[in-house]
There are 2 protein chains.
Amino acid sequence: MEKQHNLSKNQKIIFDLIDKSPEPLKAYSILFNVQKKGINAPLQVYRALDKLVEIGKIHKIESRNAFIACQNSSCQISKATAFSICESCEKVSEISNTKLSKYLSNFADQAGMKYNKYNLEFFGLCKKCKSK
Amino acid sequence: MEKQHNLSKNQKIIFDLIDKSPEPLKAYSILFNVQKKGINAPLQVYRALDKLVEIGKIHKIESRNAFIACQNSSCQISKATAFSICESCEKVSEISNTKLSKYLSNFADQAGMKYNKYNLEFFGLCKKCKSK
DNA sequence: CTTGTAAATGTTATATTATTACATAGTGTT
DNA sequence: AACACTATGTAATAATATAACATTTACAAG
Ligand SMILES: [Zn+2]
Ligand SMILES: [Zn+2]
Ligand SMILES: [Zn+2]
Ligand SMILES: [Zn+2]
C-alpha cells in the first residue's frame with residue numbers, strides 16, 4: 001500500500017503541468033507557465049519540484065536539468081530510475097523493466113557494496129529519428 | 001589500439017588538475033585553480049572540459065555537475081559509464097565491472113531499442129560512512 | 001613555402017539553473 | 001491555546017553554462 005501524499009496548492013499546480021507535458025520540463029519554463037496561477041519566484045518552483053522528487057511523483061533527468069512525471073508507481077518507494085533519451089529529438093521515456101531493475105537493485109560492486117538508489121540514463125536514437 | 005589524442009595546452013592543464021584530484025571537481029573550482037596558469041574565463045574551462053569528455057579522458061558526474069578523470073581506459077571508446085556516489089561524504093568512484101557493462105550495453109527496452117551510450121549513478125553510503 | 005582548413009584560444013557579455021536568508025501563513029496534534 | 005511541522009511569499013544572490021565575435025595555432029595538400 002502506497003503512502004498517500006496530499007499535494008499542496010503549489011505542488012499540485014506544478015505537478016499537473018509536468019504530468020500533462022509530453023516532454024520533460026525545465027524549472028524556468030515551468031515558472032513561466034505558472035505565473036498566471038500566482039507562482040512568481042524560482043524558489044516557489046524549486047521547492048515544489050524538490051518535494052515532488054522526494055515523494056517520487058516526478059523525476060529529474062539529470063543530464064538535461066529537466067523534470068518528468070513518473071510513469072511507474074513503483075518509483076515512489078524505490079528511488080531507482082531508468083530512462084531512455086533520444087539524442088536527436090530529446091524524447092525521454094521512463095524504462096519499466098523488472099529484470100533491469102532487479103539486476104541493478106541487487107548489484108554489488110567490487111567491494112561488495114550495495115546501493116539503495118540509482119539513476120540510469122540510456123542514450124541513442126528513437127525509432128522515428130533512426131528511420132530518417 | 002586506442003586513438004592517441006594530443007592534448008592542447010589548456011586541455012592538458014585542466015586534465016592534469018582533474019587527474020590529480022581525489023574528488024570530482026566543479027567547473028568554477030577548476031577555473032579558480034588554473035587562473036595562475038593564464039586561464040581566465042569560464043569558457044576556456046568549459047571548452048577544455050567538453051573536449052576531454054568527448055575523448056573519454058574525463059567524465060561528468062551529472063547529478064553533481066562535477067568532473068572526474070576516467071579510471072578505466074575502455075570508456076574512451078564506449079561512452080558507457082557507471083559510478084558509485086556516497087551520499088554522505090560525496091566520494092565518487094568509477095565502477096569497472098565487465099558483467100555490468102555487458103549487461104547494460106546489450107540491454108534492449110520494451111520496443112527492442114538498443115543504445116550506444118549510457119550513464120549510471122549508484123547512490124548509497126561508502127564503507128567509511130556506513131560504519132559511523 | 002603558401003594556401004586552406006580545422007582546432008584551439010582569448011575576451012566580453014549574457015543566459016540559465018539553483019540557493020540563501022528572512023518573514024509570514026496554514027495544518028494538524030495534544 | 002500551544003506546539004511542531006509544512007508550506008508560502010519575496011528579494012537578493014550564487015553557481016553553472018553558453019553566445020558571439022575576433023584572433024591564433026597546427027598541420028596537411030598543393
Ligand atoms: Zn518513476
Ligand atoms: Zn528521436
Ligand atoms: Zn571511464
Ligand atoms: Zn562516504
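Chain naming here is simple, since letters A, B, ... match the order of the sequence lines and numbering starts at 1 in each.
Ionic pairing of A:Asp16 and A:Lys12 is present here: one or more N-O contacts between side-chain nitrogen and carboxylate oxygen are shorter than 4.0 angstrom. Using a 4.0 Å cut-off between a side-chain N of Lys or Arg and a carboxylate O of Asp or Glu, B:Glu87 and A:Lys117 qualify as a salt bridge. Under a 4.0 Å N-O distance rule, the pair A:Glu23/A:Lys91 does not qualify as a salt bridge.
The side chain of A:Asn6 contributes no N or O atom lying less than 4.0 Å from OP1 or OP2 of D:dT6. Using a 4.0 Å cut-off, no side-chain N or O of B:Ser8 falls inside it from OP1 or OP2 of D:dA26. Listed pair A:Asn40 / D:dT10 meets the phosphate criterion, a side-chain N or O lying under 4.0 Å from OP1 or OP2.
Nucleotide D:dT16 holds its P atom 12 Å from the CG atom of B:Leu49, rounded to whole Å. Computed from coordinates, the B:Tyr46 OH to D:dT18 P distance equals 7 Å when rounded to whole Å. Computed from coordinates, the A:Gln44 CD to D:dA7 P distance equals 14 Å when rounded to whole Å. Per the geometry, CG belonging to B:Leu43 stands 13 Å off C1' belonging to D:dA22, to the nearest Å. Atoms CD (A:Gln35) and C1' (D:dT10) sit 14 Å apart, rounded to a whole Å. A:Asn65 has its CG atom 17 Å from the P atom of D:dA15, to the nearest Å. Look at CZ on B:Arg47: it is 12 Å from P on D:dA19, rounded to the nearest Å. For B:Glu62 and D:dA15, the CD to P distance is 20 Å, given to the nearest whole Å.
Counting non-hydrogen atoms of other residues, nucleotides and ligands closer than 6.0 Å to NZ of A:Lys128 gives a total of 12 or fewer.
A heavy-atom distance below 4.0 Å to DNA chain C is reached by these residues of residues 15-32 of chain A, ordered by number: A:Lys26, A:Tyr28.
Using a 4.0 Å cutoff to heavy atoms of chain A, the contacted part of DNA chain C runs 5' to 3' from C:dT17 to C:dA21.
Counted by atom type alone, A:Thr81 and A:Asn119 present one or more donor-acceptor pairs between their side chains at under 3.5 Å.
Here CZ of B:Phe107 is found 8.0 Å from CG of A:Leu120. Values are rounded to the nearest 0.5 Å. With values rounded to the nearest 0.5 angstrom, A:Leu52 atom CG is found 6.0 Å from A:Leu7 atom CG. Summarising the geometry, atom CZ belonging to B:Phe15 is positioned 8.5 Å from atom CD1 belonging to B:Ile55; distances are rounded to the nearest 0.5 Å.
Aromatic ring centres of A:Tyr103 and B:Tyr103 lie closer together than 6.0 Å.
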